[in-house]
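Inspection log for the structure reproduced underneath, given as structure tokens.
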Amino acid sequence: MKRTLLTTIALLAVLLVQAQTNLGGRVYHHPNIMAEKLNELSKELDQKLDSAIIAAEEKAEKEKGRKLTAEEKAKIDKEVKDAVQKINALKKGMKTSITVEFKDEKKVVFKADMSISDDALKAAGVSWIKRKAMKAALAVAPSSQKGTYEVKGNMVIMSDDEEKDTMYLSADGKKLSGVFDKEMKFTLTRTK
């Protein structure tokens with residue numbers, strides 16, 4: 001009886017380990033990993049708006065060697081608020097969607113779709129030529145990369161033969177977390 005129970009437990013453990021290492025057929029996705037970070041930056045800007053205005057006024061007073069007039073203060077106030085509005089407009093128009101698709105027990109495809117709205121760039125005061133240059137750069141950027149992966153515990157180590165990237169699988173297998181561009185943490189949700 002004990003032997004049968006131990007054999008059953010060992011068999012279940014082997015099956016669980018195999019189930020964890022083969023992510024084939026799974027797809028993880030996030031529609032815009034930048035949204036949270038850009039919202040944080042926007043809140044930070046809003047909190048620092050008053051101190052930015054005061055700092056700009058102090059700098060202008062130091063340069064002029066006198067106190068600013070009400071008109072000059074109003075102009076600085078407007079310039080700082082306009083700059084914040086431009087940043088907020090950019091925030092609304094930037095999007096980075098990420099999808100990780102595990103093709104089988106070894107192959108993975110990483111897709112990143114980056115886009116910037118032309119209207120957002122206009123609202124931010126970006127010139128026509130710079131907008132066209134940015135769109136051209138995004139158009140030629142690779143949108144997907146193929147590679148291989150291996151699972152070690154909750155770590156999913158992906159490689160494209162040049163470099164490795166590690167992502168982390170949640171205990172229930174529904175979330176896949178990683179870091180984009182060395183600073184921006186993100187979490188993808190399993191869709192398939």
Do Glu72 and Arg66 meet the salt-bridge criterion of a basic N to acidic O distance under 4.0 Å?
yes

Measure the spacing between OG1 of Thr69 and NZ of Lys73 and express it to the nearest 0.5 Å.
9.0 Å

Test item: Lys152 and Ile157 side chains (from C-beta on) under 4.5 Å apart, heavy atoms
yes

Is there a path from Val109 to Met158 through hydrophobic residues (I, L, V, M, F, W, Y) whose side chains come within less than 4.5 Å of each other?
no

Heavy atoms of Phe102 and Leu23 approach each other most closely as CB-O, 3.2 Å

With respect to Leu176, which candidate in Met167, His29, His30, Arg26 satisfies the side-chain contact (heavy atoms from CB on, under 4.5 Å) definition?
Met167

Looking at CZ of Phe110 and CD1 of Ile98, how far apart are the two atoms once the value is rounded to the nearest 0.5 Å?
4.0 Å

If a pair satisfies salt bridge (charged side-chain N to carboxylate O under 4.0 Å, His left out) and one of its residues is in residues 109-130, list it, with sequence neighbours excluded.
Glu101-Lys111, Asp118-Arg131

Measure the spacing between CG of Asn32 and OG of Ser97 and express it to the nearest 0.5 Å.
8.0 Å

If we count only N and O atoms by modelled type, under 3.5 Å, do the side chains of Ser177 and Thr187 hold a donor and an acceptor together?
yes

Quick one, Tyr28 and Leu169 - any side-chain contact, counting heavy atoms below 4.5 Å?
yes

Please report the closest heavy-atom contact between Glu57 and Leu68, naming both atoms and the distance.
O-CD1, 3.7 Å

Run Leu121 and Ile116 through side chain to side chain contact (heavy atoms under 4.5 Å, CB included) and show every step you take.
CA-CA 7 Å; Leu121 291 172; Ile116 300 175; 3.4 Å; yes

Does one side chain, of Lys175 or Thr189, offer a donor that lies under 3.5 Å from an acceptor on the other?
yes

Which pair of heavy atoms, one from Tyr149 and one from Lys107, lies closest together, and at what distance?
CE2-O, 3.6 Å

To the nearest 0.5 Å, atom CD of Glu58 lies from atom OG of Ser51 at 10.0 Å

Which value, rounded to the nearest 0.5 Å, describes the distance between Ser115 atom OG and Met94 atom CE?
9.0 Å

Roughly how far, to the nearest 0.5 Å, is CE of Met114 from OG1 of Thr96?
4.0 Å

Report the C-alpha separation of Thr99 and Val27 in whole Å, then their side-chain angles, then the decisive distance to 0.1 Å, and conclude whether the side chain to side chain contact (heavy atoms under 4.5 Å, CB included) test is met.
CA-CA 7 Å; Thr99 304; Val27 177; 3.7 Å; yes

